[in-house]
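Keep in mind that what you see is a predicted model, and the values were worked out from it rather than measured. Hydrogens, waters and symmetry mates are skipped; everything else that's a heavy atom, side chains included, is used.
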Amino acid sequence: MRGSFIRWFLAPTVLLSLVLAGAYSRADDAEEFDSDDAARSVTIYRDEWGVPHVDGPTDVSVVFGFAYAQAEDYFWQIEDTYLQCVGRYAEVVGERGLPSDLINRSFEVPQRCQQDFAELDEDLKATCRAYAAGVNYYLAHHPETKPRLLVHFEPWYVLAYERFVLMNFIFSKAHLSRSDLVRLHTADWHPRQRERLIAVADAAERDLDVIGSNAFALSGSRTKSGKAMLLVNPHQPYFGSGQFYEGHVRSGEGLNFSGSTFFGGPLPSMGHNEYLGWAHTVNEPDIADVFLLTFDDPDHPLRYRYDEGYREATEWQDTIRVRSGDDVEERAFTFRKTHLGPVLSQPGENQFAVGRYAQIFEGSRLRQSSRMLKAKNLNEWRSAMSLLALQMFNTVYADRDGNIYYLYNGAVPRRDDSLDWSKPVDGGDPATQWRGLHSIDELPQVLNPPSGFVQNCNSSPFTTTDVGNPLLKDFPNYMVEEKYLDTLRAKVSRMLLRGLTDTTFEKWSDVAFDTTLYWPLVELPRYRREWEQLRETNADLAEQAQPYLEHLLDWDCRVTLTSTQATLCALWYMDMYGVRPPADALKPQYVDDFEARFESLVRAARALKTLYGDWRVPWGDVSRLQRHANEPDMLRVPFSDAQPSVPCAGAPGPLGVVFNTYYLPASLFRRKQYGVAGHSFVGVYEFGDKVTAGTALQFGESSNPGSPHFMDQAELFSRREFKQAWFDWDDVLAHTARSYHPGEEDASN
C-alpha cells in the first residue's frame, strides 16, 4: 500500500485490538472448567505404539484428555500452531512470522473469535474450554516444559484454531498471494528489508504446493469379503503445523472415533467410527473472490464507489510485536475493511483489492465435526456435511452398509455465471454480489458407481471413477477451478483400482504404499521410438544416451529401495518438468526438442556420477527419512548424513505414484535427500460388523528424541507396512502398554 494510505489515518484510529483485549481478557474464566474433576474421570490408554486411546464419561472430558495427550507428545508444535492462529507468530519467530500475522490481523481473527466465543452454544463453549484446560493442565503438571510465549491457553484460541488453520488453506483461493499482502503493508519500508519479507511470503506460498492427498474407496463388488474399504492418505509437510497426530477418543455420550488431526485439533478430523469413515484431499472450489473497489473521494478517503453512490470503509490500527534477537519491537499497521471484506492489496492509485471468503466466521466446524464423528449411516453423515462449515476438501467415504461415496465439498457462493470469477471483479457493481451458497445437492458427487471405486488425488471431480462420474455441463462454470486437471497420481490410482478384484485387506494395504510410477510406464516406450529416430539425426547423442535409456527400459517402473532406475528416472524427470507440483508440463525448452530431452537424460546420469561416483545409485541409499523435533519450516531442517535415518521408497507425486514423498535434494555437502512432505498419516479400513484397520505415521507418535515412539513408525514406512490400529475396546485393553489419568504420572513415552 502506498505510504500516503498509512499517513491518512494516523489521526483517530479504531484501536479495536486494545479495546477487545480489555473487554474479553479471561472473560471465559467466568465459568471455570473443573480440570481436576475431568482428570479423575478420563483415562488415557497408550498402546504399544504410543497411540492414545482416550476414554471418559462425557465428550468434553475426552476432549480434555485428548488435549493432554497431544501436549505430552508435542506441546511445542501445539504452541507453534496456536501462535499463528492467535496472530502472535512474529513475536516468537521474528519477521518471517509477519506474513501469517498480517493475514490474521487483516481478518481480525483474535477480535472476532473473542467476540464470537461469548455467543457460542454452551456445548461448543464447553468443548473449547475442555481443550484449553487440557493443555493448561499439562503445563501445570510439567514445569519442565517451557512455553515460548503462550503460558496459558484461552478457550477462544480453539475458535481461532478452527478458523485460521483453514484460512491458511484458502487464502490463495481468491487468487491473491501472501506477497500481495506484504507489499500492501510495507510500501514505506527500506527496499532491501521489504524484498526480504516478500521472499519469505513467496516461500510460504510455495510450501503449500506440496499439500495434496490420496483418498480411495472400494465397494464390496471388488473385495473378497464383500465389504467396503477406505484409504485415508493426506499428504502434508513432515515438519511444522501440517503434521498429523493419531488418536482414538471414546466417551459415554456416544463418541467413538479413531483417526488423525493436526496438532491443536480438539477432535480427530478424518478416520473412522464403528459404522463409517472418510478421508479428505485438497480441492479448488471457487470459495473466494477478489473485488476491486475505487476510493476516489479526496474529502472522504474512506468512501468507495458502490452502485450509483458511495459506501464507507472502516479503518483501524493494530500493533504486531516482532522479535529481533533478544528484543521485541512493536510495529503499527493500518488495516481497512469494506462490506465485502478486508483490503488485501492495492493494484492502482485509487483502487484497492478486497478478498471475500465464504464461511470464515459463519457456522461452526466444531458443530459439523461432532455430528460427523457420531454419524451412524450415510444419511446422518451427509446431513452433517450439508452444514458446509468446512469450506473446501474433496471427501471420500465408505461404510459398513457397503456404500462408497465421493463429494466435491465446498462452500461455493452462487454468482452470475456470465462473469469470469477467476479474475478480480468490480466490487462496486451490485451484479457481482454473492447470492447465498450452493447446497450440498448442487455439488459434484458420486454414490456407489457401477465401476466399484472412487478416488481423488487432487484432480477433477469429473474423473473420479471409470463409470458414473458427474458431468461437467451440469455445474456452473465457476464452481470447479480444477475441472480439467487430471494428475498423474489420479491416473495411476484409477489404473490400480480398476485392476482390483476379489481384493483382500492385505492387498488393499499394499495399494496404499504402491510405488508404480505412471510417467515412465507411459513415456518410456515413446522414448524407445524417439531414440531410434535420434540415431539418424544425432548419432553421437544417441550413443551417449543409450546405456541410460536401456537401463530404464529394463525396469518395471516401480520404486524399490534397491532400484537404480528410479534414482535416474526421478532426476531426469525433475530436470525436464521441475521439482514443485503440479510439475506435470515440460519446461518450454523441451516441448518441441526431443534431442534436448535426451541431453537432459545424459546430464542426469552424469550428475549422479559426479555426486556418488556411479550413475547407478540405489534409491534407498540416498532417499531417507530423518526426524528433527521443533522445526517449523521444512526447508530449514538441519538434516545430516551423520545422523540416523531410514530408507524411504516414496517418490515425488508428479511422477504419478501412490506412495508420495517430496525430498529436500542432495548436494555436495549432504549426499542424501531427506523426506519433507507427502505420505503422512495413512489409514486403511475395511467396514463390517467390526472395523479392520491399519495405520502409520511417517515418524512416530512422540516428539521426544528419547522416546521409543520418536521414529518407530518410520521403520514401517521403510518396509511399506502398517501397524494394527486397535479400535474394539477389548483389543485396546489387550494392547495397552500403560494407562493413567492426566497429571497422574510423568508420562514421558
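Judged as a side chain to side chain contact (heavy atoms under 4.5 Å, CB included), and not counting sequence neighbours, the contacts of S225 are T223, K227, E686. Residues passing the side chain to side chain contact (heavy atoms under 4.5 Å, CB included) test with R311, sequence neighbours excluded: Y304, Y306, H339. For A67, the side chain to side chain contact (heavy atoms under 4.5 Å, CB included) partners two or more places apart in sequence, or in a different chain, are Y131, V135. Applying the side chain to side chain donor-acceptor pair (under 3.5 Å) criterion to E284, with sequence neighbours excluded, gives K173. Taking the side chain to side chain contact (heavy atoms under 4.5 Å, CB included) definition, one finds that P476 meets it with D417, H438, Y478, M479, sequence neighbours left out. For D59, the side chain to side chain donor-acceptor pair (under 3.5 Å) criterion is met by S251, K374, not counting sequence neighbours. By the salt bridge (Lys or Arg N to Asp or Glu O under 4.0 Å) test, R163 pairs with D116, sequence neighbours left out.
For the salt bridge (Lys or Arg N to Asp or Glu O under 4.0 Å) condition, the pairs that include at least one residue of residues 241-263, sequence neighbours left out, are D55-R250, E246-K723. Legend: salt bridge (Lys or Arg N to Asp or Glu O under 4.0 Å) pairs involving residues 259-272, not counting sequence neighbours: none detected. A salt bridge (Lys or Arg N to Asp or Glu O under 4.0 Å) check over residues 455-484, counting only residues at least two apart or in different chains, returns the pairs D466-R498. Annotation: side-chain hydrogen bond (donor to acceptor under 3.5 Å, both in side chains) contacts involving residues 257-276, sequence neighbours excluded, are absent. The salt bridge (Lys or Arg N to Asp or Glu O under 4.0 Å) contacts involving residues 436-453 comprise R382-D441, R414-E442, where partners must be two or more places apart or lie in separate chains.
The six-membered or imidazole ring of Y406 lies away from that of Y397, with a centre-to-centre distance of 6.0 Å or more. For W278 and F257, the distance between ring centers is under 6.0 angstrom. The ring of W729 has its center closer than 6.0 angstrom to the ring center of H248. In this structure, Y82 has its ring center closer than 6.0 angstrom to the ring center of Y161. Ring-centre distance between F475 and Y408: not below the 6.0 Å cut-off.
Rounding to the nearest 0.5 Å gives a distance of 6.0 Å between CG of D399 and CG of L276. Note that the CG atom of L500 and the CZ atom of F453 stand 9.0 Å from one another [nearest 0.5 Å].
Of the possible donor and acceptor atoms, one in the side chain of T127 sits under 3.5 Å from a partner among the backbone N and O of D123.
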